[in-house]
Protein chains: 2
Amino acid sequence: MARRSAEESRAAAQRLALESAGACLLFRVRALSRTLTGIYDEALRPLALKPTQMNVMTAVAARGEGRLSEVADMIALEPSSLSRIVDVMRRNGWVETVPDPEDERARLVRLTASGAALYAEAMPRWRKAQARARELLGEEGAQELTALANASLSRRAP
Amino acid sequence: MARRSAEESRAAAQRLALESAGACLLFRVRALSRTLTGIYDEALRPLALKPTQMNVMTAVAARGEGRLSEVADMIALEPSSLSRIVDVMRRNGWVETVPDPEDERARLVRLTASGAALYAEAMPRWRKAQARARELLGEEGAQELTALANASLSRRAP
DNA sequence: GGAAATCTATTGCATATGCATACAAATGCA
DNA sequence: TGCATTTGTATGCATATGCAATAGATTTCC
């Protein structure tokens, strides 16, 4: 079989690409994620709070005081990712971690007073962003997205 | 007004958090995005090809030869992000960039022969991942997601 | 024709994430 | 009891992204 020229290879790739372009579900969900991230990020920017950090704060605040691994489970994030996100939040003085008296390996994380205050300040902004996102997706779209994510989230733990 | 103790602040934050936990659309779409990313990433891992790179390859392959800014528009990515993604792909020998003869500022990007070959090899794997993703979301869910992302993508350019 | 605005790409800075590894602590089982 | 396994975190390594600022080229508009 003769070696293909670069032009021939590219032409073949182009046929494949045209067939699949725009169909990729991952591409779509990522584009959507970037768009929504921009909406929330813009709303939270005056507080220097990132969307991810807001999500972590919500989980930590709702939990009251919990292990890192518990929080990671709540938000379906890898422990290694959460570990570093919490690092930043700790540097910012928004959360503090203390050793878990029941397990020397574990650390409990909770909001500091300053973190709780920031969270209270962030909520109205989050609500605005949420409203904008809902407007972009449409009421039905928002519900569909929620349902889709639920399916994905509940599929954890075999 | 008396200063709140950290406990009081946390309790207030907890009330706010419980009210909103699980409702955040951004959190949902991100969790979904991470899940799908994992599916495609696993399928492409034997080729050392990342999902994002696959998306870029598809756009570049479909375009044939185009400016970075055109490709960035196609996939709704910031030029600065694309610039670095293309860097990596160039280092890997999958794409090459040449100056645009019609505009000294611009650079044209295209697949190399090696990149086109890799792309051809990646497509069956992509199809498998796509099938798994479709299975996870359900046929309807996949269509809804596509529609949602379309709304987000088409909202570009005022 | 030339200054000002615009466009194209890149880089600095900061986060976000995942996988593989490393380690320490806790648990289970022989 | 003692060792193997599991579990909870943290780190190394690599990529992914966005915003702001920059450099250079082009276009626009006096």
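By convention in this document, chain letters (A, B, ...) are assigned in the order of the sequence lines, proteins followed by strands, and residues within each chain are numbered from 1.
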Visitor: Salt bridge check: are B/E96 and B/R110 linked by an N-O gap of less than 4.0 Å?
Guide: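 Looking at B/R110 together with B/E96, the answer is yes, because their closest N to O distance falls below 4.0 Å.
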
Visitor: If you link I, L, V, M, F, W and Y whenever their side-chain heavy atoms are under 4.5 Å apart, who else ends up in the same group as B/L108?
Guide: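 For the cluster that includes B/L108, the remaining residues are B/V98.
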
Visitor: May I ask you to evaluate whether A/R34 reaches the phosphate of D/dG18, defined as a side-chain N or O under 4.0 Å from OP1 or OP2?
Guide: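 Yes, such a contact exists.
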
Visitor: Quick one: is B/T37 getting a side-chain N or O under 4.0 Å of the C/dT17 phosphate, OP1 or OP2?
Guide: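 Answer no for this pair, as no side-chain N or O of B/T37 is under 4.0 Å from OP1 or OP2.
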
Visitor: Looking at D/dT17, C/dA16, C/dA25, which one has an atom nearest to any side-chain atom of A/E104?
Guide: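 Selected nucleotide (nearest to the side chain): C/dA25.
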
Visitor: Could you give the CD-to-P distance, from A/E70 to D/dT7, as a whole number of Å?
Guide: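 Answer to the nearest Å: 14 Å.
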
Visitor: Could you state the atom-to-atom distance from CD of B/E78 to P of C/dT15 in whole Å?
Guide: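 Atom CD in B/E78 sits about 19 Å away from atom P in C/dT15.
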
Visitor: Is a salt bridge present between B/R91 and B/D87, judged by a nitrogen-to-oxygen distance below 4.0 Å?
Guide: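 Looking at B/R91 and B/D87, the cut-off is not met.
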
Visitor: From the set C/dT15, D/dT11, D/dA16, return the single nucleotide nearest to any side-chain atom of A/D87.
Guide: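 Closest of the options to the side chain of A/D87: D/dT11.
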
Visitor: Please list, by residue number, the residues of residues 39-47 of chain B whose heavy atoms come closer than 4.0 Å to an atom of DNA chain C; answer none if no residue qualifies.
Guide: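 By residue number: none to list.
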
Visitor: Does this structure show an ion pair linking A/R132 with A/E42, if we count only N-O contacts that are shorter than 4.0 Å?
Guide: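 A salt bridge is present here (some side-chain N lies under 4.0 Å from a carboxylate O).
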
Visitor: Please identify each residue that fulfils salt bridge (Lys or Arg N to Asp or Glu O under 4.0 Å) with B/E104, with sequence neighbours left out.
Guide: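 B/E104: no salt bridge (Lys or Arg N to Asp or Glu O under 4.0 Å) contacts found.
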
Visitor: Output yes when at least one side-chain N/O atom of A/S81 is less than 4.0 Å from OP1 or OP2 of C/dT17, else no.
Guide: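 Result: no.
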
Visitor: Describe the nucleic acid contact of B/D103 in one word from base, sugar-phosphate, nothing, applying a heavy-atom distance below 4.0 Å.
Guide: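 The residue B/D103 makes sugar-phosphate contact but no base contact.
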
Visitor: For A/R105 and for B/L82, locate the closest nucleotide of DNA chain D by heavy-atom distance; then report the residue assigned to the nucleotide nearer the 5' terminus.
Guide: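 In this pair, the answer is A/R105.
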
Visitor: OP1 or OP2 of D/dA20 sitting under 4.0 Å from any side-chain N/O of B/S80?
Guide: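 No, because none of the side-chain N or O atoms of B/S80 sits under 4.0 Å from OP1 or OP2 of D/dA20.
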
Visitor: Closest to the B/K50 side chain: D/dA25, D/dT15, C/dT11?
Guide: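 Side chain of B/K50 sits closest to D/dT15.
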
Visitor: Tell me whether B/D100 is salt-bridged to B/R107, with the criterion being a basic N under 4.0 Å from an acidic carboxylate O.
Guide: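 No, this pair does not count.
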
Visitor: A/R84 has a side chain; which of C/dT8, C/dT17, D/dC19 sits nearest to it?
Guide: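 Minimum distance to the A/R84 side chain belongs to C/dT17.
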
Visitor: For the side chain of A/L77, starting at C-beta, report the closest nucleotide among D/dT15, C/dG18, C/dA26.
Guide: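 From the listed options, C/dG18 comes nearest.
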
Visitor: Figure out the CG/P separation between A/L68 and D/dG8, and round it to whole Å.
Guide: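 It is 11 Å, rounded to the nearest whole Å.
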
Visitor: Does OP1 or OP2 of C/dT11 have a side-chain N or O of B/S83 closer than 4.0 Å?
Guide: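 So the side chain of B/S83 is outside the cut-off, no N or O lying under 4.0 Å from OP1 or OP2 of C/dT11.
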
Visitor: Picking from B/L47, B/L44, B/L49, what satisfies side-chain contact (heavy atoms from CB on, under 4.5 Å) with B/E121?
Guide: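 So the option named by the test is B/L47.
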
Visitor: When the distance from CD of A/E102 to P of D/dT7 is rounded to whole Å, what number comes out?
Guide: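 So the two atoms are 18 Å apart, to the nearest Å.
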
Visitor: Any side-chain N or O of B/R30 below 4.0 angstrom from OP1/OP2 of C/dT17?
Guide: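 Affirmative; the distance criterion is met.
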
Visitor: To the nearest Å, how far apart are B/L108 CG and C/dT8 C1'?
Guide: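 About 12 Å, once rounded to whole Å.
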
